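Here's the structure, in structure tokens; my notes come after.
Since we're looking at a predicted model, the values are computed, not measured. Computed from heavy atoms alone, side chains included, the values below leave out hydrogens, waters and symmetry copies. Just so you know, ligand 1 is whichever comes first in the structure, and atom 1 is the first atom listed for that ligand.
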Amino acid sequence: MSSMVSDQGAKSGDQNFDYMFKLLIIGNSSVGKTSFLFRYADDSFTSAFVSTVGIDFKVKTVFRNDKRVKLQIWDTAGQERYRTITTAYYRGAMGFILMYDITNEDSFNAVQDWITQIKNYSWDNAQIILVGNKCDMEDERAVVPDRGRQLAESLNVEFFETSAKDNINVRETFERLVDIICAKMSESLDNDPSLTANKQGTRLTETPMQQAQNNCNC
Ligand code: GTP
Ligand code: MG
């Protein structure tokens with residue numbers, strides 16, 4: 001499967017896309033959420049830590065399976081004091097990147113709490129990928145890959161170890177999440193005959209896609 005990433009559409013405000021996905025990056029403060037998004041959207045990294053205040057977003061357009069998918073990626077603050085603001089953005093999110101830091105046991109132990117936040121504040125059918133970031137810091141590793149893998153398995157989600165710093169598995173994580181969301185969408189279109197009209201020659205935009213999501217029982 002070939003893929004190509006471009007943000008030209010976002011810069012020009014181009015509305016010519018097949019799908020629009022709202023994604024959120026969540027997890028404890030300092031796990032690397034902002035760095036992960038900057039690596040993906042701007043291919044940049046800084047070792048300075050500027051903790052996110054509230055919430056921010058970037059737009060990126062990807063091509064997957066001949067479809068142009070516009071991603072609206074929300075970068076949330078991990079600090080507890082912003083929880084009321086950030087959880088307000090969970091609604092309508094189609095995918096979550098739930099991140100911990102492989103050098104920080106607490107951030108790994110918090111994963112279950114973040115899952116509870118997702119269950120409480122988002123759609124039932126939102127797709128989740130578990131990410132153990134900072135895998136370049138092997139010397140300071142506190143969470144072995146198997147623990148991440150097992151936790152992901154028990155949560156029935158996919159798992160990547162990544163490095164925003166060394167650009168490991170960043171693009172792969174986003175593309176996998178997009179693929180999972182696309183697969184769920186076509187599953188719900190296949191399963192619900194009332195949505196068939198949307199499949200025939202109609203360009204799917206945000207509205208019908210959300211209908212598809214709402215009808216997904218996954
Ligand atoms: P909040 O905004 O407070 O929720 O934190 P955050 O999750 O957005 O963390 P941020 O991206 O600001 O990164 C925190 C620190 O970790 C910064 O000093 C980054 O440079 C560093 N960092 C992020 N990703 C990596 C990585 O993959 N490897 C290494 N070595 N450092 C990283
Ligand atoms: Mg941040």
Presence of salt bridge, Asp179 and Arg64, under 4.0 angstrom: yes

For atom 18 (O) of ligand 1, the closest protein heavy atom turns out to be Ser47 O, 2.8 Å

For atom 17 (C) of ligand 1, tell me which residue out of Phe36, Phe49, Tyr82 has the closest non-hydrogen atom. Phe49

Is there a path from Val143 to Met137 through hydrophobic residues (I, L, V, M, F, W, Y) whose side chains come within less than 4.5 Å of each other? no

Applying a heavy-atom cut-off of 4.0 Å, say which part of Ser51 lies close to ligand 1: side chain, backbone, both or neither. both

For Gly78, the ligand 1 atoms with a heavy-atom partner under 4.0 Å come out as 1 (P), 4 (O)

With heavy-atom distances below 4.0 Å as the criterion, list the atoms of ligand 1 near Thr46. 19 (C), 20 (O)

For Ser35, the ligand 1 atoms whose distance to one of its heavy atoms is below 4.0 Å: 10 (P), 11 (O), 13 (O), 19 (C), 23 (C), 24 (N)

Donor-acceptor contact below 3.5 Å, side chain Glu175 vs main chain Thr173: no

Relative to ligand 1, is Phe45 under 4.0 angstrom through side chain, backbone, both or neither, heavy atoms considered? side chain

Any N or O of Gln79 closer than 3.5 Å to N or O of ligand 1: no

Heavy-atom nearest neighbour of atom 22 (N) of ligand 1 within options Lys134, Arg39, Met99: Lys134

Proximity of Asn133 to ligand 1 by residue part, where a heavy atom lies under 4.0 Å: side chain

Here the atoms of ligand 1 under 4.0 Å from any heavy atom belonging to Ser163 are 27 (O)

Closer than 2.8 Å to the Mg ion (ligand 2), do we get an N, O or S atom from Thr34, backbone or side chain? yes

Atom 5 (O) of ligand 1 - nearest protein heavy atom and its distance: Ser30 N, 2.9 Å

Ignoring angles and geometry beyond distance, decide whether Ala164 reaches within less than 3.5 Å of ligand 1 through its nitrogen or oxygen atoms. yes

Surrounding CG of Asp66 (heavy atoms of other residues, nucleotides or ligands, distance under 6.0 Å), is the total greater than 12? no

Option among Val131, Thr162, Asn133 that satisfies the side-chain contact (heavy atoms from CB on, under 4.5 Å) test with Asn169: Thr162

Under 4.0 Å from any heavy atom of Asp136, which atoms of ligand 1 are there? 26 (C), 27 (O), 28 (N), 29 (C), 30 (N)

Crowding at CZ, Arg91 (>12 non-hydrogen neighbours, <6.0 Å): no

Could you pull out, from Ser29, Gly32, Cys135, the option with a heavy atom nearest to atom 9 (O) of ligand 1? Gly32

Counting only N and O atoms by type, is there a donor-acceptor contact under 3.5 Å from the side chain of Thr103 to the main-chain atoms of Glu140? no

Between Thr76 (side chain only) and Ile25 (backbone N and O only), is there a donor and an acceptor less than 3.5 Å apart? yes

Main chain of Ala183, side chain of Ser186: is a donor-acceptor contact present, judged purely on distance under 3.5 Å? yes

Does the separation of the ring centres of Phe36 and Phe174 fall below 6.0 angstrom? yes

Give a yes or no on whether Asp146 atom CG has more than 12 heavy-atom contacts from other residues, nucleotides or ligands under 6.0 Å away. yes

Taking N, O or S atoms only and a limit of 2.8 Å, check whether Thr52 reaches the Mg ion (ligand 2). yes

Among Lys134, Arg141, Arg149, find the one that has a salt bridge (charged side-chain N to carboxylate O under 4.0 Å, His left out) with Glu161. Arg141

As an exercise, identify every atom of ligand 1 less than 4.0 angstrom from a heavy atom of Lys33. 1 (P), 4 (O), 5 (O), 6 (P), 7 (O), 8 (O), 9 (O), 11 (O)

I'd like to check which ligand 1 atoms, numbered from 1 as shown, lie under 4.0 Å from a non-hydrogen atom of Met137. 29 (C), 30 (N)

Here the atoms of ligand 1 under 4.0 Å from any heavy atom belonging to Ala48 are 17 (C), 18 (O)

